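To start, the structure under review is shown below, and the notes come after it.
Per chain, numbering begins at 1; letters A, B, ... match sequence-line order. None of these values were measured; they are calculated from a predicted model.
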2 protein chains.
Amino acid sequence: MTDEHPADTDILALAQDFREALRHSVYLVRRLDADGELTAAQISMLKMLMDTGSASGGSAAPGVRVGEIARNLGVKVPSATEQIIKLERAGLARREPDPDDSRAVRVRISEAGYAAVEAANDRRNAVMAGILASLSDADRTALAAALPVIGKINATLQA
Amino acid sequence: MTDEHPADTDILALAQDFREALRHSVYLVRRLDADGELTAAQISMLKMLMDTGSASGGSAAPGVRVGEIARNLGVKVPSATEQIIKLERAGLARREPDPDDSRAVRVRISEAGYAAVEAANDRRNAVMAGILASLSDADRTALAAALPVIGKINATLQA
DNA sequence: CAGTCATAGTTAGGTAGCCTAACAGTTAGG
DNA sequence: CCTAACTGTTAGGCTACCTAACTATGACTG
């Protein structure tokens, strides 16, 4: 406790505990799924399309390119294509040709997709909120304080 | 900030942020995989066998029953059986008849399994520690403080 | 001491989501 | 032009889940 700097072993222990927590959280996330709703992967992709497609930039063409989707989601391009096709078949997203580059494809979320992700998110958030409500204020505060940190850790991947 | 109690909307917002963090963490966990090492699911099961099988209780028979494994991992029994068979074929676990109940099966981790999970865990922990090392002390402290809370949340599932 | 009912695990068949390798079309540069 | 680089799709394969159906054992009850 009186070390001048955090010993490697401390960081290693934290890494182990954090990994353990994430490992268990995988099952928690799975539990939130259920029903004939959207899958977690579909929500991830649709949410990404919402955030990136019509984001601040207001760039030239609408939608997101397949390669960019894959990069954002941390999967390979064929996996992204597969998901996109499923979403398209379900009427939740659309594929359009890129006016500037005939090789490229622009993917956009549809109105139905918007609504679906909203609904699925709301339900999951409510379930999670139910769990969080059983915690103490202190616990919730500690969790809230850590979320930006976890965000930083996750951002490491993008690099 | 001066509410008498946390408003529902606050908890809902926290739930949303937490889910978001977990959603992204899925991809982080995937990145830690790699190689011809054990899969994440295999590590989870082996670690469970280590913790539960020879745990404090020192109960009568050694090993863990399939149903208990499934419950602990949050999967259905057939999924557990499938994993167990794979681990057995890889020489990482053993199945033995339960002396007290001929219907039941006792699953135990093998020496090789012990070594394998150790190795895989060490490597992953090292990678994660590398990421954590780039954070500030304050960030690491915040993360450490939240881990028990996340543990509580995860424990909710067991119920 | 059957006869039924519950419990433990396996088997069979199906789905989602990811991967690599091979392919087709488009653009860009020598 | 013509080759090289890039974008996305297709093909084939894997892991890890699931439900439903089955086998075998245990446990309870008339």
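A salt bridge does not link B:Asp10 to A:Arg140: none of the charged nitrogens lies less than 4.0 Å from a carboxylate oxygen. Taking the charged nitrogens against the carboxylate oxygens, B:Glu68 and B:Arg71 have no contact shorter than 4.0 Å, which rules out a salt bridge.
Atom CD in B:Glu37 sits about 16 Å away from atom C1' in D:dT15, given to the nearest Å. We find that NZ of A:Lys76 is positioned 9 Å from C1' of C:dC19, with the value rounded to whole Å. Rounded to whole angstrom, the span from the CZ atom of A:Arg31 across to the P atom of D:dC17 amounts to 13 Å. Rounded to whole Å, atom C1' of D:dT7 lies 14 Å from atom CG of A:Asp100. Taking atom CZ of residue B:Arg65 and atom C1' of nucleotide D:dA24, one finds them 14 Å apart after rounding to whole Å. The distance between atom CZ of B:Arg23 and atom C1' of C:dG17, rounded to the nearest whole Å, is 16 Å. Between the CZ atom of B:Arg106 and the P atom of C:dA8 there is a distance of 11 Å, rounded to whole Å. Whole-Å rounding puts the B:Glu68 CD to C:dT7 P distance at 16 Å.
With C:dT26, C:dG17, D:dC17 as the choices, the nucleotide that has an atom nearest any side-chain atom of A:Asp101 turns out to be C:dT26. The side chain of B:Arg103 lies closest to D:dA24, out of D:dA16, C:dG9, D:dA24.
At C:dG17, one or more side-chain N or O atoms of A:Gln83 fall inside 4.0 Å of OP1 or OP2 (strictly under the cut-off). Taking only side-chain nitrogens and oxygens, B:Lys86 comes nearer than 4.0 Å to OP1 or OP2 of D:dA16. A:Ser79 has a side-chain polar atom (N or O) that falls below the 4.0 Å cut-off from OP1 or OP2 of C:dC19.
Searching all strands for a Watson-Crick or G-U wobble partner of C:dG30 with both distances below 3.5 Å returns D:dC1.
Considering all non-hydrogen atoms of both residues, A:Leu73 and A:Ser44 come closest at CD2-O, 4.0 Å. When all heavy atoms of A:Ile150 and B:Ser25 are compared, the pair lying nearest together is CG2-OG, 3.8 Å. Here the shortest heavy-atom pairing between A:Leu38 and A:Arg124 reads O-NH2, 3.2 Å.
At distances below 3.5 Å, not a single donor-acceptor pair connects side-chain atoms of B:Asp17 with backbone N or O atoms of A:Ala144. Looking at A:Thr52, its side chain never comes within 3.5 Å of a backbone N or O of A:Leu49 through a donor-acceptor pair.
Nucleic acid contact for B:Ser102: sugar-phosphate only, since backbone atoms but no base atoms lie under 4.0 Å from a heavy atom of the residue.
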Got a list of protein N/O to nucleotides 9-13 of chain D N/O distances below 3.5 Å?
{"unit_1": "D:dT9", "atom_1": "OP1", "unit_2": "A:Arg95", "atom_2": "NH1", "d": "2.3"}
{"unit_1": "D:dT9", "atom_1": "OP2", "unit_2": "A:Thr81", "atom_2": "OG1", "d": "2.6"}

